[in-house]
Protein chains: 2
Amino acid sequence: MTHSDVPRKRTRIQAQNEARIIRAAMDVFSANGYRGATVDQIAGSAGMSKANVLYYFNKKQDIYTAVLEQTLGIWLDPLDELNPDGDPIEELWKYALQKLRFSQQEPLASRLFANEILQGAPIIRPFLENELKNLVMSKCQIIQQWIDHGKLAPVSPLHLLFFIWSSTQHYADFSPQINALTQESEDELFADAEKTLKLLLTRGLKP
Amino acid sequence: MTHSDVPRKRTRIQAQNEARIIRAAMDVFSANGYRGATVDQIAGSAGMSKANVLYYFNKKQDIYTAVLEQTLGIWLDPLDELNPDGDPIEELWKYALQKLRFSQQEPLASRLFANEILQGAPIIRPFLENELKNLVMSKCQIIQQWIDHGKLAPVSPLHLLFFIWSSTQHYADFSPQINALTQESEDELFADAEKTLKLLLTRGLKP
DNA sequence: GCAATTGTTGACCAGATGGTCAAGATACGA
DNA sequence: TCGTATCTTGACCATCTGGTCAACAATTGC
């Protein structure tokens, strides 16, 4: 340590390996939950030794936190786009459709969240109580105004969001059950889901 | 072993302790998932020694299976009551309401299932593929007939069931998230959920 | 009352798992 | 090229956890 003890800059190898570990950890955590995942599995899936994984992330929980944080943004972004000046039903359907697409394209992220919340949200509780809550409250005001202006059926805005979240995430989180009950291909499945959800939402929300 | 080696009958103590263990195991498994639960926790929660728990259930997995099996029936019963001769929307709403009530009154059972399915449904897959699938298929036919007779909006029956399941179970499975986003009392919460869900379903399904 | 069966548990074992460490391999700046 | 900082890993350790067992307690049928 000749010139400084400022935080040393991130090596290319560092960035590369941390990304590899996080990608592998997403697979393992989303499939097995926090307790069910082992550092050895993550290392194997990332193609390196357990000791090396723990060289980049000191503790197992640090890996878990990193994986969660990396996907938190994806949660907020689509909701943030809800446009108060657009057509209410169109805006809400656009949001629901985005969530449904997300369930199809990123099922691992959805299952990671589901696992975390089922275990009581020990890590992301602050996120839920702050960032998410603030965003949700502001968006609920928009929805409430739509209702007050007679542009939307008089639903509870918060529970409307719950309905959108649950019915879309269901396709990622409960896929084993869904696959046991249908022979549709994945594309057909999501096409039918989209059609039915659109019908329920657009008709149900009409003022 | 003097007279027989037929299966000896269940003692009163046996039945009593097995029930106590299953009740405790429901708490522990639903809160921590299969891997996250320990036999010691279950024993502690049941007020007996780990060795004694394993005297009644030879393996940890046997406890888990017993807990699951005991609650499988609850899954089928309400759906089975769907009456083809009743008013379609009324029948479907009655079913949804029953599921919502179940989420409020038996959240542990709901979370137990969610955990099991998130882990790939290793134990209850046969149940999903047989009992549940048969019942669902027969009920989907009823719904399809309602649609064919113009008594219901043209939704996909299977996906309609998915929506009912997801939006009601959500209140049990994601309660940490829900509690982070609202200050409502539990009763208010479920009253609002009921109102919003009823509005969306009854309006959305009108032909 | 008294065997025989059933119930109960502390002590113990084996394997899994998170985490450490020292020692060697590799990359990188001067 | 050389020296330093970074990277990598096998070996190891402590703890946790599912499961066993022998010994003792309680119950029950006769």
Side-chain angles (χ1 to χ4, degrees), chain A residues 1-25 27-29 31-68 115 119 122-123, chain B residues 1-25 27-29 31-68 115 119 122-123:
Chain A
M1 206 56 62
T2 52
H3 289 126
S4 64
D5 48 5
V6 297
R8 44 200 181 287
K9 72 180 174 188
R10 280 166 59 94
T11 311
R12 184 180 50 237
I13 297 181
Q14 228 167 81
Q16 191 179 314
N17 279 355
E18 282 172 10
R20 222 163 89 215
I21 292 169
I22 287 182
R23 217 175 312 130
D27 288 354
V28 178
F29 281 130
N32 305 98
Y34 179 74
R35 289 282 312 257
T38 73
V39 179
D40 237 357
Q41 277 180 301
I42 296 171
S45 177
M48 62 180 81
S49 69
K50 181 179 72 168
N52 206 19
V53 168
L54 290 170
Y55 168 74
Y56 289 102
F57 296 88
N58 297 344
K59 302 186 206 177
K60 179 187 179 184
Q61 196 179 48
D62 291 350
I63 313 174
Y64 185 62
T65 304
V67 176
L68 275 176
N115 262 309
Q119 307 310 315
I123 305 295
Chain B
M1 204 58 61
T2 52
H3 288 128
S4 65
D5 48 5
V6 299
R8 43 201 179 289
K9 72 179 173 188
R10 281 165 58 93
T11 311
R12 183 180 51 235
I13 296 180
Q14 231 167 79
Q16 189 179 316
N17 280 355
E18 283 171 9
R20 222 163 89 216
I21 292 169
I22 288 182
R23 217 175 313 130
D27 288 353
V28 178
F29 280 129
N32 305 98
Y34 180 74
R35 291 279 313 255
T38 73
V39 180
D40 236 357
Q41 277 180 301
I42 296 171
S45 177
M48 63 182 80
S49 69
K50 181 179 72 167
N52 205 20
V53 168
L54 290 169
Y55 167 74
Y56 288 102
F57 296 89
N58 297 345
K59 303 185 205 177
K60 179 187 178 183
Q61 193 177 301
D62 291 350
I63 313 175
Y64 185 63
T65 305
V67 176
L68 275 175
N115 263 310
Q119 308 308 316
I123 304 296

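Chain A is the first sequence line, chain B the second, and so forth, proteins listed ahead of strands; every chain is numbered from 1.
In this structure, CD of A:Gln41 is placed 13 Å from P of C:dA16, rounded to the nearest angstrom. Nucleotide D:dT6 holds its P atom 17 Å from the CD atom of A:Gln16, rounded to whole Å. Put simply, CG on B:Asp40 is 10 Å from C1' on D:dG18, counting in whole angstrom units. Following rounding to the nearest Å, B:Ile42 (CD1) and D:dG18 (P) show an atom-to-atom distance of 8 Å. Between the CD1 atom of A:Ile21 and the P atom of D:dC7 there is a distance of 11 Å, given to the nearest Å.
Contact between the side-chain N/O atoms of A:Tyr55 and the OP1/OP2 oxygens of D:dC7 is found at a separation under 4.0 Å. Distances shown here put every side-chain N or O of B:Tyr56 at or beyond 4.0 Å from the OP1 or OP2 atom of C:dT6. For A:Gln14 and D:dT6, the shortest distance from a side-chain N or O to OP1 or OP2 is not below 4.0 Å. OP1 and OP2 of C:dG7 both lie 4.0 Å or more from every side-chain N or O belonging to B:Asn52.
Residues forming a side chain to side chain donor-acceptor pair (under 3.5 Å) with B:Asn17 (at least two apart in sequence, or on another chain): B:Arg20, B:Tyr56. Remark: B:Ala51 pairs with B:Ser49 by the side-chain contact (heavy atoms from CB on, under 4.5 Å) rule, at least two apart or across chains. Looking at residues two or more places apart in sequence or on another chain, you find a side-chain contact (heavy atoms from CB on, under 4.5 Å) between B:Lys50 and B:Val39, B:Asp40, B:Ala43, B:Leu54. The side-chain contact (heavy atoms from CB on, under 4.5 Å) search around B:Gln61 returns B:Tyr34, B:Thr65, B:Ile123, not counting sequence neighbours.
Two residues are said to be in side-chain contact when any heavy atoms from C-beta on lie closer than 4.5 Å; B:Arg35 and A:Asn32 fail this criterion. Taking 4.5 Å as the limit, some side-chain heavy atom of B:Ile22 sits within range of a side-chain heavy atom of B:Phe57.
Comparing C:dT6, C:dT8, C:dT17 by their nearest atom to the side chain of A:Thr38 picks out C:dT17. Closest to the side chain of B:Ser49, out of C:dT9, C:dT6, D:dC7, is C:dT9.
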Short N/O separations, protein against nucleotides 22-25 of chain D, under 3.5 angstrom:
none

Are there any protein N/O atoms within less than 3.5 Å of an N/O atom in nucleotides 19-23 of chain C, and if so, which ones and at what distance?
unit_1: C:dG19; atom_1: OP2; unit_2: A:Lys60; atom_2: N; d: 2.6
unit_1: C:dG19; atom_1: N7; unit_2: A:Lys50; atom_2: NZ; d: 3.4
unit_1: C:dG19; atom_1: O6; unit_2: A:Lys50; atom_2: NZ; d: 2.9

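If you check the side chains of A:Gln41 and A:Asp27, you find no donor sitting under 3.5 Å from an acceptor.
Counting any heavy atom pair closer than 4.0 Å across all strands shown, A:Ala43 reaches no nucleic acid atom.
A pairwise comparison of heavy atoms in A:Ala25 and A:Val67 identifies CB-CG2, 3.6 Å as the closest pair. Minimum interatomic distance between B:Ile63 and B:Ile21 (heavy atoms only, all atoms of both residues): CG2-CG2, 4.1 Å.
Where B:Tyr34 and B:Arg12 meet DNA chain D, the nucleotide closest to each residue was compared, and B:Tyr34 sits on the side nearer the 5' end. Between A:Arg35 and B:Ile13, it is A:Arg35 whose nearest contact on DNA chain D lies nearer the 5' terminus.
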